[in-house]
Trainee: 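Next up is a structure, given as structure tokens.
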Amino acid sequence: MHDEFLCHVTAYGVCGGQRVGVPLGTYRAPTLALALWWMRDRALWIAERLDPHPGNPAYPPNSVVPVADSVPDVPGVLRAWSGNAAEQELVAEELSAGNLVRIATSDDTTEYELLAESIDALRMQRTARVIATPAA
């Protein structure tokens with residue numbers, strides 16, 4: 001059983017001709033349920049910052065405008081993933097099996113990535129590498 005999970009959210013873009021990652025958050029979840037909750041919460045957090053609701057009083061009138069239909073809908077993808085029970089179940093199964101889970105979406109300038117992995121699986125991989133190292 002995998003009890004703890006390490007979760008990351010990163011935005012990737014190009015700066016000075018090089019791909020650069022900007023960490024947006026990391027969480028060491030003590031349970032699978034909290035790992036899933038944190039990933040959903042971060043997906044919605046990104047979506048709200050990229051596409052705030054126009055009626056939000058924090059934004060001046062007419063400061064939030066729709067974009068063209070040809071622009072990739074990163075906030076829509078993140079909101080849809082967060083609210084999809086079947087997707088959440090699939091992520092839970094993969095994490096429970098010790099597999100790395102990566103959810104990524106991008107627009108013209110930035111890729112947004114949510115990662116989660118079992119800390120126990122990471123430890124087992126490290127141990128297996130040490131055990132498998134041949135002696136000279």
Trainee: Return the minimal non-hydrogen interatomic distance between Ala43 and Ser82, and the atom names on each side.
Mentor: CB-OG, 3.5 Å
Trainee: Over all heavy atoms of both residues, which pair between Ala104 and Glu111 is shortest? Give the atoms and the distance, please.
Mentor: CB-OE2, 3.7 Å
Trainee: Before you tell me yes or no, could you show the steps for Leu34 and Phe5 under side-chain contact (heavy atoms from CB on, under 4.5 Å), namely the whole-Å CA-CA distance, both residues' side-chain angles and the distance that decides it to 0.1 Å?
Mentor: CA-CA 9 Å; Leu34 285 173; Phe5 302 88; over 6 Å; no
Trainee: Answer yes or no: is there a side-chain heavy-atom contact under 4.5 Å between Asn99 and Val101?
Mentor: no
Trainee: Is the shortest side-chain heavy-atom distance between Tyr112 and Asp107 below 4.5 Å?
Mentor: yes
Trainee: Does any part of the side chain of Leu114, heavy atoms only, come nearer than 4.5 Å to the side chain of Cys7, both counted from C-beta?
Mentor: no
Trainee: For Glu48, give me all partners under salt bridge (Lys or Arg N to Asp or Glu O under 4.0 Å), at least two apart in sequence or on another chain.
Mentor: Arg79
Trainee: Quick check: closest heavy atoms across Leu95 and Ser118, and the distance to 0.1 Å?
Mentor: O-CB, 4.3 Å
Trainee: Any heavy-atom pair between the side chains of Thr10 and Leu115 that's under 4.5 Å?
Mentor: no
Trainee: Please answer: with hydrophobic residues joined when any side-chain heavy atoms are less than 4.5 Å apart, are Trp45 and Leu36 in the same cluster?
Mentor: yes
Trainee: What closest approach, in Å, do Pro75 and Leu50 show between heavy atoms, and which atom pair accounts for it?
Mentor: CG-CB, 3.6 Å
Trainee: Could you see if Met39 belongs to whatever hydrophobic cluster contains Leu24? Use Ile, Leu, Val, Met, Phe, Trp, Tyr and a side-chain cutoff under 4.5 Å.
Mentor: yes
Trainee: Please report the closest heavy-atom contact between Arg49 and Pro52, naming both atoms and the distance.
Mentor: O-CD, 4.1 Å
Trainee: Please go through Tyr12's hydrophobic cluster and name the other residues, only I, L, V, M, F, W, Y counting, with side-chain heavy atoms under 4.5 Å joining them.
Mentor: none
Trainee: Between atom CD of Glu93 and atom CG of Leu32, what is the distance when rounded to the nearest 0.5 Å?
Mentor: 10.5 Å
Trainee: Would you say Tyr27 ends up clustered with Ile46 if hydrophobic residues are merged whenever their side chains have heavy atoms under 4.5 Å apart, either directly or through other cluster members?
Mentor: yes
Trainee: What about Val74 and Val22, same hydrophobic cluster or not, with Ile/Leu/Val/Met/Phe/Trp/Tyr joined at side-chain heavy-atom distances under 4.5 Å?
Mentor: yes
Trainee: Which pair of heavy atoms, one from Cys15 and one from Val20, lies closest together, and at what distance?
Mentor: CB-CG2, 3.9 Å
Trainee: Going by side chain to side chain donor-acceptor pair (under 3.5 Å), name the pairs with one or both residues in residues 32-42, residues two or more places apart or in two chains.
Mentor: Arg40-Gln88
